[in-house]
Amino acid sequence: MRLPKVVRQMGRISGENRVYIEDYVYTYLSEIKKERRGFPVRVALYGHAFCKENQNFYLIYGASCIMEELENGRDQDEIKKLFFDSYDLIGYVNIYDRQEIADGKDGCYLFYESNESMQNYMISCYERKNKTPVREKETEKGRDTGLLKKLFQNILLGCAAVIVALAIAAIGSYGGMHDFTLTAARALQETK
C-alpha cells in the first residue's frame, strides 16, 4: 500500500492514526453536511486501511450517506457493489453541522487522485436529486399538452356541429343529414 503523493494537511496531525481523504470524498461530505443542516449525518467510508511502524493509515476513497441511500431503497451492500467494489468498508462516521470535517483533536490529509468510483457515485446522487423537478416539469408540460388537445378537440366538435346545422338547412332531408353525419364522424375519428 502506498501513500498518495499530492496531499494537503488539514487540522493537527498527532497520535498514531493517519487519515487520508480523497478530494471528491471531502467535497461530498461537505455538501451532505450542508444539506442535512441541524441533523447528524451517518456516513459509510470506503477505502483501504493498513498498519505500518505502529501507525494506522486510512485511505478514504468513497463515502455514502446511509440515511439518504435507505430513503432511496438501497443499503450499504448495494452501494458497495455498485460504486466501491474495489474498496473495503472501513467504518462509519457521524458528521454534525457545527463541526468542521477535519476539526477535532486529530486532523487529516486531503489528497488528490483520479477517483472514478466516487465521481460516479456523486453523479448518481446529483441525477437522483434532479429527477424530481424534471418530472414535475414534464407533468406540467403534459398537463399543458392535454389542455391544448382538449381545446383543439372542442373546437373541432364545435365546427362539426356548425357544419351539421348548415347541412340540415341545405339538404332539408333526414336521410341526407344522416349520411353527412356518418361521414363527419368518420373524419373526426381519423383526426384523433
Sequence-distant partners of D75, side-chain hydrogen bond (donor to acceptor under 3.5 Å, both in side chains), two or more places apart:
none

Considering all heavy atoms, the nearest V41-I32 contact:
CG1-CG2, 3.4 Å

For K34, enumerate each residue passing the salt bridge (Lys or Arg N to Asp or Glu O under 4.0 Å) test, keeping only those at least two apart in sequence or located in another chain.
E31

So if you build clusters from Ile, Leu, Val, Met, Phe, Trp, Tyr with side-chain heavy-atom gaps below 4.5 Å, do M10 and L3 land together?
yes

Can you name the side chain to side chain contact (heavy atoms under 4.5 Å, CB included) partners of V7, sequence neighbours left out?
P4, Y20, Y109, F111

For E78 versus G73, what's the shortest heavy-atom pair and its separation?
OE2-O, 3.7 Å

Output for pair (C51 SG, N17 CG), nearest 0.5 Å, gives 9.5 Å

Indicate if L29 and L70 have the same hydrophobic cluster label, given that clusters are the connected sets of ILVMFWY residues with side-chain heavy-atom separations under 4.5 angstrom.
yes

From OH (Y46) to CE (M118), nearest 0.5 Å
10.0 Å

Would a single hydrophobic cluster contain both F50 and Y58, if residues Ile, Leu, Val, Met, Phe, Trp and Tyr are joined by side-chain heavy-atom contacts under 4.5 Å?
yes

When the side chains of residues 80-91 are checked against the rest of the protein, which donor-acceptor pairs come out under 3.5 Å, sequence neighbours left out?
from: K80; atom 1: NZ; to: Y87; atom 2: O; distance (Å): 2.7

Partners meeting side-chain hydrogen bond (donor to acceptor under 3.5 Å, both in side chains) with E69 (sequence neighbours left out):
R74, Y121, R128

Shortest non-hydrogen contact from S64 toward Q76:
OG-NE2, 2.9 Å

Partner residues of R8 under the salt bridge (Lys or Arg N to Asp or Glu O under 4.0 Å) criterion, sequence neighbours left out
none

Under the rule for side-chain hydrogen bond (donor to acceptor under 3.5 Å, both in side chains), what residues qualify as partners of Y92, not counting sequence neighbours?
none

Does Y28, at its OH atom, have more than 12 non-hydrogen atoms belonging to other residues, nucleotides or ligands within less than 6.0 Å?
yes

Nearest non-hydrogen partners of V25 and G62, listed with the distance
CG2-N, 3.4 Å

With E16 via side chain to side chain contact (heavy atoms under 4.5 Å, CB included) - residues at least two apart:
none

For side chain to side chain contact (heavy atoms under 4.5 Å, CB included), just list the numbers for I60 and V19, CA-CA rounded to whole Å, side-chain angles, deciding distance to a tenth of an Å, and then say yes or no.
CA-CA 8 Å; I60 301 171; V19 178; 3.8 Å; yes

Apply side chain to side chain contact (heavy atoms under 4.5 Å, CB included) to E116 and list each qualifying residue two or more places apart in sequence or on a separate chain.
N120

Atom pair CG/CE of N115 and M122 - distance to nearest 0.5 Å:
9.5 Å

Rounded to the nearest 0.5 Å, what's the gap from CD1 on I95 to NZ on K33? Could you check?
8.0 Å

Cut-off 3.5 Å, side chains only: do E22 and Y112 have a donor facing an acceptor?
no

Quick one: pull up SG in C125 and CD in E68 and give me the separation to the nearest 0.5 Å.
5.0 Å

